[in-house]
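Remarks on the structure that follows.
In the text below, chain A, chain B and the rest are named by the order of the sequence lines, each starting its count at 1.
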Protein chains: 2
Amino acid sequence: MEHEDQEGAGEAAPAASTPTTGAPASSANPANPANMADVARVAGVSIATVSRALRDVPGVGDSTRERVREVAEQLSYVISPEASSLSRRETGRVAVVMPRIDVWFYSTMLSGLERALRAEGIDVLVYQVDGPAERGAFVRDLPARRKVDAVILAALPLSPEQRDRLDLLGVPMVIAGGQARGLPHVDVDDRAMARAAVERLVAAGHRDIAMVRTSDTDATTWDADLLRVAGYREALAAAGLEARPELLVTETYGVDAGTRAVERLLAVDRPPTAVFGYSDEIAAAVSVGARRHGLSVPDDLSVIGVDGHPMSELFGLSTMDQNVERQAEEAAGIAVRLIRGEPGTRSVRVRHRFVDRGSVQPPRPQD
Amino acid sequence: MEHEDQEGAGEAAPAASTPTTGAPASSANPANPANMADVARVAGVSIATVSRALRDVPGVGDSTRERVREVAEQLSYVISPEASSLSRRETGRVAVVMPRIDVWFYSTMLSGLERALRAEGIDVLVYQVDGPAERGAFVRDLPARRKVDAVILAALPLSPEQRDRLDLLGVPMVIAGGQARGLPHVDVDDRAMARAAVERLVAAGHRDIAMVRTSDTDATTWDADLLRVAGYREALAAAGLEARPELLVTETYGVDAGTRAVERLLAVDRPPTAVFGYSDEIAAAVSVGARRHGLSVPDDLSVIGVDGHPMSELFGLSTMDQNVERQAEEAAGIAVRLIRGEPGTRSVRVRHRFVDRGSVQPPRPQD
DNA sequence: TTGTAAGCGTTATCAG
DNA sequence: CTGATAACGCTTACAA
């Protein structure tokens, strides 16, 4: 370690070295934390009373409750969640299962779920289940079994058999960002979203409208994919436009997917004047690819995406925002109500919204 | 829908009712899962033997172990983690605490941590602690107390007092992506990374080198920020270049930060020919901003960032990759060893690496 | 090798 | 309002 100073250059670092605060007072012996019996003893009451006092359940005298509270505080007593769970038969935890964590949609969803669940005093256990193999293992071993009060599946693609086996988890389940037979879910209308996006292109005067999507590396089929393609086709049909197969291009995922897609699209007979991207990431990639080919967006090529990915803001891309935060909130809400046995656990469809950033313009006048 | 049988099929669900001796219905009765006593009874052994058999501890006859296994399987028995934890005095869980989940660095870190910890059979509890207020609350209430065997703090900025109070968690802690007095940590050499980046610019022949950073909305100070600025200055000094204050610009975080930064930089007397971005996101924003001003990267302006953010690939930006996945792995490893009381818990410095994408080129010949 | 029984720390049910 | 006491489901000496 060569360098020492951060930036104060001259001054000798104030070095917060000494364990400043003396003994953390009273106790706080991490090795064996106080338990309810300790509190009860010191407070001179029974353990049952401590339990009641600390949980704010009725049936304890005010003065008693107060005294217990003080003693607990003084012993820096913390309830043992394990013991409490064991006795109460619930964990205070929810599992969130998702294919990836390090991808915008999922990290945003997880962030929203965590926030909403934490507000309810529920802890979040994450399971990242990526690809068919891990999915199979997860469904086979059900590692979350008996560890949580509910499970939130975030856009996890499942076969019917897998879906069924999940019932063995024995707790309520919710789908966030998708659907599955018989489970309450929160999603957006992918088809309508795609249709609305393409309608924008149509309305701007485009006739040759391409759609670009990427294929997954594994054989997984995503509902959203199918639905958005369907929406694309519907919009074309509704406008009396032909769905030219060569304008629906699928590239394998990768950084140059956009460039490749643009190349393919420019090579066709009557190249498109507008592109609908399956996602904002793809729209952005197409936009970059277009630029590399000397095309400017939106002057030479209109582009619109789906998602509401922050990246699209940077690129100035118009998009159909699918409001992931809201989806997360709703899903968390359903999970909580299911846990509490409250009603109101119906599925929710979150509304998308168009975000106009000017990347859709009328096509260049044809010559 | 011919899924039906797990084993018994056919029989109408016996509903969750009879508490005890009733045959555990041979199948998964989610309401009342089998416990060890059930397994013991069916297998004709004691509950202790079941415990030993299922955990692979020595001291059980092979045939007995086998029989117990079968019975457990048949009853689709799953051990109660709560009970097990309570008895064993450990939870099998680790808490990961981070300011945000929906930001590249953190989601990547979390993804890596989850993967590594899952491989060790450890569950991950996430806490998103955003901003000074939540940080204060987290440190005050310590919601993770008694819920985990270790805590991993992912680049969580803490005051010395807060740092000290965390000791009350009573479990080992690790810092991932940063440092804090007295705690084992995993990080990169931010200063060296910045220096190396700027050295690339110097080596390409640039003399007027700017640095762009963004300020946080709250007053939080990030070590990485200070260190990277220091590295920037060091590199300039080492090259005998003046550190012109007007070339170190700080913009408030936002999508147009890049544009604003470029504007400011173009307005100075002798505008820079190269920009070092505090992060890849900023470098990308600057790159977009430059383009809006009619400057091309790298022809008119060289740009280099820090992070290894996938976005930089899309933008064709050179960067110093800080290898977050590796940092996660190392941090998880330290946590695991700390939990097991194994040695080898020293801090780790992960090496960064330069990723050349051609966004650094010699400056235009001056006229 | 196997069983018995004492915890682990709470909650919940009954009495008082 | 308060206190015993029996679960909750498992682990672990200690015996057999």
Side-chain angles (χ1 to χ4, degrees), chain A residues 29-69 71-72 75-93 145-147 149 170, chain B residues 16 18-21 24 29-69 71-72 75-93 145-147 149 170:
Chain A
N29 182 340
N32 0 314
N35 61 19
M36 239 176 214
D38 295 327
V39 178
R41 195 177 323 112
V42 175
V45 296
S46 79
I47 175 179
T49 297
V50 174
S51 176
R52 287 187 282 250
L54 261 28
R55 272 180 306 146
D56 272 329
V57 303
V60 184
D62 284 347
S63 63
T64 310
R65 190 185 299 278
E66 191 47 41
R67 184 155 34 92
V68 170
R69 283 248 178 72
V71 173
L75 298 182
S76 69
Y77 166 74
V78 181
I79 199 170
S80 157
E82 312 300 317
S84 180
S85 302
L86 179 56
S87 179
R88 189 190 333 202
R89 301 163 140 284
E90 62 175 58
T91 66
R93 264 168 261 139
R145 240 199 306 192
R146 307 195 74 180
K147 290 182 183 167
D149 301 329
Chain B
T18 38
T20 46
T21 39
N29 183 335
N32 248 60
N35 60 20
M36 235 174 217
D38 295 325
V39 177
R41 193 178 324 112
V42 176
V45 297
S46 79
I47 175 179
T49 297
V50 174
S51 175
R52 287 188 281 250
L54 260 28
R55 271 179 308 144
D56 273 332
V57 303
V60 183
D62 285 347
S63 64
T64 309
R65 190 185 300 277
E66 191 48 39
R67 183 155 34 90
V68 170
R69 284 247 178 72
V71 173
L75 299 182
S76 69
Y77 166 74
V78 183
I79 200 170
S80 156
E82 313 299 317
S84 180
S85 302
L86 179 56
S87 179
R88 192 199 317 229
R89 302 163 142 285
E90 61 175 58
T91 66
R93 265 169 261 139
R145 243 203 297 197
R146 311 241 288 143
K147 291 183 183 166
D149 301 330

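Taking each heavy atom of B:Ala53 and B:Val60 in turn, the nearest pair found is N-CG2, 3.9 Å. When all heavy atoms of A:Thr64 and A:Thr49 are compared, the pair lying nearest together is CG2-CG2, 3.8 Å. Summarising the geometry of A:Ala40 relative to A:Ser46, their closest heavy-atom pair is CB-C, 3.8 Å, with the distance given to 0.1 Å. The two residues A:Asp149 and A:Gly92 come nearest to each other via the heavy atoms OD2-N, 2.7 Å.
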Annotated protein contacts, base or backbone, on nucleotides 5-16 of chain D with a non-hydrogen cut-off under 4.0 Å, one of B, S, - each: ---BBBBBB---

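Side chains of B:Leu75 and B:Val42 form a contact here, defined as non-hydrogen atoms less than 4.5 Å apart.
Residue-level contact check: B:Val50 touches neither bases nor backbone, having no heavy atom under 4.0 Å from any strand.
Partners of B:Asn35 by side chain to side chain contact (heavy atoms under 4.5 Å, CB included), not counting sequence neighbours, listed by chain and number: B:Ala37, B:Asp38. Here B:Arg93 pairs with A:Glu82 under the side-chain hydrogen bond (donor to acceptor under 3.5 Å, both in side chains) rule; sequence neighbours left out. Taking B:Asp56 as the reference, B:Arg69 meet the side-chain hydrogen bond (donor to acceptor under 3.5 Å, both in side chains) condition, with sequence neighbours excluded.
Atom-to-atom distance recorded for A:Lys147:NZ and A:Arg145:CZ is 11.0 Å, nearest 0.5 angstrom.
Contacts with DNA chain C (heavy atom under 4.0 Å) in residues 59-66 of chain A: none are found.
Protein atom CD of A:Glu90 is 14 Å distant from nucleotide atom C1' of C:dA12, rounded to whole Å.
With axes fitted over five pairs at each extremity, the angle between the ends of the helix from C:dT1-D:dA16 to C:dG16-D:dC1 is 40° (10° resolution).
Remark: the backbone N or O of A:Val78 is paired with a side-chain donor or acceptor of B:Arg146 at under 3.5 angstrom.
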